[in-house]
Amino acid sequence: MRNALIGLVTVLYPLAIYFSLGRIEPRWIAFLLLSVAVFRALASPEKFWRYAAAAAFMLALLSMYLNHATPLKLYPVIVSVTLLCVFAISLWHPPSVIERFARLQDPALPDEAIPYTRKVTIIWCGFFMLNGVLALLTTLYASDRIWALYNGLISYCLMGLLFAGEWLVRPKHKADSSNV
């Protein structure tokens with residue numbers, strides 16, 4: 001339940017920031033990010049999520065100190081970089097993240113499926129890299145409205161398209177694998 005709540009706050013975070021800017025000083029908005037960081041650190045036994053929480057905590061403190069919104073707008077970059085690291089590290093220390101998800105559906109995942117799950121993990125790495133760059137560019141060079149539009153809607157739509165695309169390709173891959 002706690003992880004679901006943190007996930008929901010993370011998803012809604014760009015909209016909360018957008019609607020708060022101009023109405024509330026950034027130093028007070030930073031308490032939202034500070035709360036997310038503390039809850040993420042307490043809820044996550046994995047080291048990489050604690051690093052992400054520490055980075056978010058530092059951004060919140062920086063925003064409080066400077067009373068500026070830019071550190072708050074960098075949080076989606078941290079999320080993308082963290083997910084990129086999680087997915088990339090799983091390529092060097094198998095099983096890959098996508099293989100783990102696949103084994104949740106099919107614990108007896110055939111060996112022929114492993115290269116496919118690695119390829120999908122690599123594709124997700126590319127997505128998180130691109131998403132992190134776009135999140136950074138919208139933070140540094142775009143208006144608050146464009147930042148919120150990309151980080152609060154477009155990036156999620158792109159994730160959904162990637163997920164749906166893989167879901168549509170998967171049966172073809174299964175059929176091709178069974179013919180080998």
S.K.: What are the two closest heavy atoms between Pro14 and Ala148, and how far apart are they?
M.R.: O-CB, 4.3 Å
S.K.: Could you tell me which residues satisfy side chain to side chain donor-acceptor pair (under 3.5 Å) with Thr121, sequence neighbours excluded, listed by chain and number?
M.R.: Ser96
S.K.: Mind checking the CG-CG spacing from Leu33 to Leu59? Nearest 0.5 Å is all I need.
M.R.: 6.0 Å
S.K.: Which residue pairs satisfy the ring-ring contact (aromatic ring centres under 6.0 Å, His included) criterion with at least one member in residues 58-78, sequence neighbours excluded?
M.R.: Tyr13-Tyr75
S.K.: Looking only at non-hydrogen atoms, find the nearest pair between Cys125 and Ala88 and report the distance.
M.R.: SG-N, 3.5 Å
S.K.: My understanding is that a hydrophobic cluster links ILVMFWY residues whose side chain heavy atoms are under 4.5 Å apart, including indirect links. Using that, what else belongs to the cluster containing Trp92?
M.R.: Leu91, Ile122
S.K.: What distance separates Leu161 CG from Ile154 CD1, expressed to the nearest 0.5 Å?
M.R.: 11.5 Å
S.K.: Just to verify, what does Val81 make a side chain to side chain contact (heavy atoms under 4.5 Å, CB included) with, not counting sequence neighbours?
M.R.: Val77, Cys85
S.K.: Which residues pass the side chain to side chain donor-acceptor pair (under 3.5 Å) test with Arg27, not counting sequence neighbours?
M.R.: Glu25
S.K.: Show the numbers, then the answer: is there a side-chain contact (heavy atoms from CB on, under 4.5 Å) between Cys157 and Leu153?
M.R.: CA-CA 6 Å; Cys157 290; Leu153 177 65; 4.0 Å; yes
S.K.: Of the non-hydrogen atoms in Ile98 and Thr117, which two are nearest, and what is the gap between them?
M.R.: CB-O, 3.6 Å
S.K.: Do Val86 and Ile89 sit in one hydrophobic cluster, given that two such residues count as connected whenever their side-chain heavy atoms are within less than 4.5 Å of each other, even indirectly?
M.R.: no
S.K.: Strictly by salt bridge (charged side-chain N to carboxylate O under 4.0 Å, His left out), give each pair with a member in residues 77-96 just once, sequence neighbours left out.
M.R.: none
S.K.: Heavy atoms, side chains only, cut-off 4.5 Å: are Ile78 and Leu74 in contact?
M.R.: no
S.K.: Once you round to the nearest 0.5 Å, how far does CG of Leu83 lie from CZ of Phe128?
M.R.: 4.5 Å
S.K.: Through direct or indirect side-chain contacts below 4.5 angstrom among Ile, Leu, Val, Met, Phe, Trp and Tyr, which residues connect to Leu168?
M.R.: Trp167
S.K.: Give, for atom CH2 of Trp124 and atom CZ of Phe101, the distance between the pair rounded to the nearest 0.5 Å.
M.R.: 9.5 Å
S.K.: Under the rule for ring-ring contact (aromatic ring centres under 6.0 Å, His included), what residues qualify as partners of Phe57, not counting sequence neighbours?
M.R.: none
S.K.: How many angstroms lie between atom CZ of Arg23 and atom CD1 of Ile29, to the nearest 0.5 angstrom?
M.R.: 10.0 Å
S.K.: How would you list all residue pairs meeting side chain to side chain donor-acceptor pair (under 3.5 Å) that involve residues 101-111, not counting sequence neighbours?
M.R.: Glu99-Arg103
S.K.: With a 3.5 Å cut-off and sequence neighbours excluded, list the donor-acceptor pairs that the side chains of residues 41-54 form with protein atoms.
M.R.:
from  : atom 1 : to    : atom 2 : distance (Å)
Ser44 : OG     : Arg40 : O      : 2.9
Arg50 : NE     : Ala41 : O      : 3.4
Arg50 : NE     : Ser44 : O      : 2.9

S.K.: Indicate if Met64 and Val38 have the same hydrophobic cluster label, given that clusters are the connected sets of ILVMFWY residues with side-chain heavy-atom separations under 4.5 angstrom.
M.R.: yes
S.K.: Which pairs count as salt bridge (charged side-chain N to carboxylate O under 4.0 Å, His left out) when at least one residue sits in residues 63-77, sequence neighbours excluded?
M.R.: Lys73-Asp144
S.K.: Keeping to residues at least two apart or across chains, list the side chain to side chain donor-acceptor pair (under 3.5 Å) pairs with something in residues 146-166.
M.R.: Tyr116-Glu166, Asn131-Tyr150, Thr138-Asn151, Thr139-Trp147, Glu166-Arg170
S.K.: Answer whether the closest heavy-atom distance between the side chains of Ser90 and Arg100 falls below 4.5 Å.
M.R.: yes
S.K.: Can you tell me how far apart OG (Ser20) and CH2 (Trp28) are? Round to the nearest 0.5 Å.
M.R.: 14.0 Å
